[in-house]
Number of protein chains: 2
Amino acid sequence: MTDEAGPDLRLVHQLRAITIELNLLGGEFAQRNRLHPTDLRALVCLLDAARAGTPATPGLVGAQLGLNSAGTTALLDRLERLGHVRRVRDTRDRRRVLLAVEERAVALGQAFFGPLISGIVETGQDFSEPELAAVRRFLGAVQGIVAEQRAAAPERPPGTPSPADPTAG
Amino acid sequence: MTDEAGPDLRLVHQLRAITIELNLLGGEFAQRNRLHPTDLRALVCLLDAARAGTPATPGLVGAQLGLNSAGTTALLDRLERLGHVRRVRDTRDRRRVLLAVEERAVALGQAFFGPLISGIVETGQDFSEPELAAVRRFLGAVQGIVAEQRAAAPERPPGTPSPADPTAG
DNA sequence: GCATAGTATCTCGCCCGGCGAGATACTCGC
DNA sequence: GCGAGTATCTCGCCGGGCGAGATACTATGC
């Protein structure tokens, strides 16, 4: 079984293991803080926007998470109820709602990412510059591959009827 | 904002980007094939078991995905209805159900992972052995960090009431 | 053999996240 | 001001997942 196609799959398996573990970690963390995985993803998204100086709006968040407007409203209701975010009417365009990230959301983000980040940064110190460069180059390539796959057409396995999604995005 | 804590976060961001993209890819792939992300994860799990020669059972799959028995049953119902898996009573211990993976599930798995795997393997050819070793070492370390975080205690952010989960795992 | 405990899976009723459709409130160009 | 366009919210529904309990089986002691 293992002696036929011998390309080196160790990297693939490591990548997969990391992804899986990271997802589980996120899920557990979310649950501990009484929120849905989606809510955590939304927070990440909000924090990113805050750091980038871009004012976050329901529309943006929804788009980034792939939710429709109803789902987005519900998501923000949850986040607001938990005090992670506050809706503020934009005074310039009063159709819009701006999302103000609360302290506690920032704290949550740090509690989640902080240890991971510092762990990874520390790990980096055990590597030489050329090694780090190689890692970055590799990860960049992987990123490209995944993005490419995502862009590539559906390539459905045999025997699957068309899902009838003319609008599929 | 960006000139105060300058540790090199490029690796962190790359890792995060890969994870996010991979999740989105999985989600899209799942949807195209009429299954829930959870179903896809279950398939992966089943295929792993099949390759490892371990007979998969509902209990195992459920445990690995963090579902309770009711959810697991529903999951397998869906998978069986779609023809990805078949339930077979274990003749030795007739309480147990063995999960036989169907051809189409294997095909699905290859359609999903095939391109990713070959892409990554090909990418690996642009790297020298020492470089690859560095990447593996780094990924291994990251794996360790994530696992460690998962094992570590809840470390809740300030102001959060205890979720009252004495059985939390 | 039979009663008891333990285990693997399934059934039932519920909760709640997400969707589609439509309502509402607003801005912009005429 | 009026109609078109846009951002968000409301309503009703679907379906995945949970908790509790039922069911079917194995293992053990008598």
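On a predicted model such as this, the values are computed, not experimentally measured, just so you know. Lettering of chains follows the sequences in order, A, B, ..., and the numbering in each one begins at 1.
Nearest nucleotide to the B:R95 side chain, out of C:dT27, C:dA21, D:dC25: D:dC25. Side chain of A:A70, nearest nucleotide from C:dC12, C:dG20, C:dT9: C:dG20. Taking the side chain of A:R87 as heavy atoms from C-beta on, and the options C:dT9, C:dC19, D:dC9, the nearest nucleotide is D:dC9. Side-chain atoms of A:H36 lie closest to C:dG17 of the nucleotides D:dT26, C:dT9, C:dG17. With D:dT26, C:dC12, D:dA7 as the choices, the nucleotide that has an atom nearest any side-chain atom of A:R96 turns out to be D:dA7. Nearest nucleotide to the B:R78 side chain, out of D:dG21, D:dC18, D:dG17: D:dG17.
Within the 3.5 Å criterion, the main-chain N or O of A:L25 finds no donor-acceptor partner in the side chain of B:R150. B:R104 places a side-chain N or O within donor-acceptor distance of the main-chain N or O of B:L82, the cut-off being under 3.5 Å.
Per the geometry, CG belonging to B:L60 stands 11 Å off C1' belonging to C:dA8, to the nearest Å. Rounding to whole angstrom units, CD of residue B:Q31 and C1' of D:dG15 are separated by 14 Å. Rounding to whole angstrom units, CG of residue B:D77 and C1' of C:dC12 are separated by 14 Å. Whole-Å rounding puts the A:L82 CG to C:dG17 P distance at 10 Å. Taking atom CG of residue B:D93 and atom P of nucleotide C:dT9, one finds them 9 Å apart after rounding to whole Å. Between the P atom of C:dC16 and the CZ atom of A:R81 lies a distance of 9 Å, rounded to the nearest Å. Counting to the nearest Å, the C1' atom of C:dA8 and the CG atom of B:L99 are 12 Å from each other. Between the CG atom of A:L40 and the P atom of C:dG17 there is a distance of 15 Å, given to the nearest Å.
The aromatic rings of B:F127 and A:F138 stand perpendicular to each other, their planes meeting at an angle above 60°, with 30° marking the opposite boundary.
Mapped onto DNA chain C by nearest heavy atom, B:S69 and A:L75 fall at different nucleotides, with B:S69 at the one closer to the 5' end.
Here B:N68 lies in heavy-atom contact (under 4.0 Å) with a base. A:R92 comes within 4.0 angstrom of sugar-phosphate atoms only, judged by non-hydrogen atoms across all strands, and of no base. Across all strands, A:T72 comes closer than 4.0 Å to no nucleic acid atom at all (heavy-atom distances). Nucleic acid contact class of B:G66 (heavy atoms, under 4.0 Å, all strands): sugar-phosphate only.
Under a cut-off of 6.0 angstrom, the local environment of CD in A:E80 is crowded, with over 12 non-hydrogen atoms contributed by other residues, nucleotides or ligands. The local environment of CZ in B:R78 is crowded, with over 12 non-hydrogen atoms from other residues, nucleotides or ligands closer than 6.0 Å.
Considering only side-chain N and O atoms, A:T38 lies under 4.0 angstrom from the phosphate OP1 or OP2 of C:dG18.
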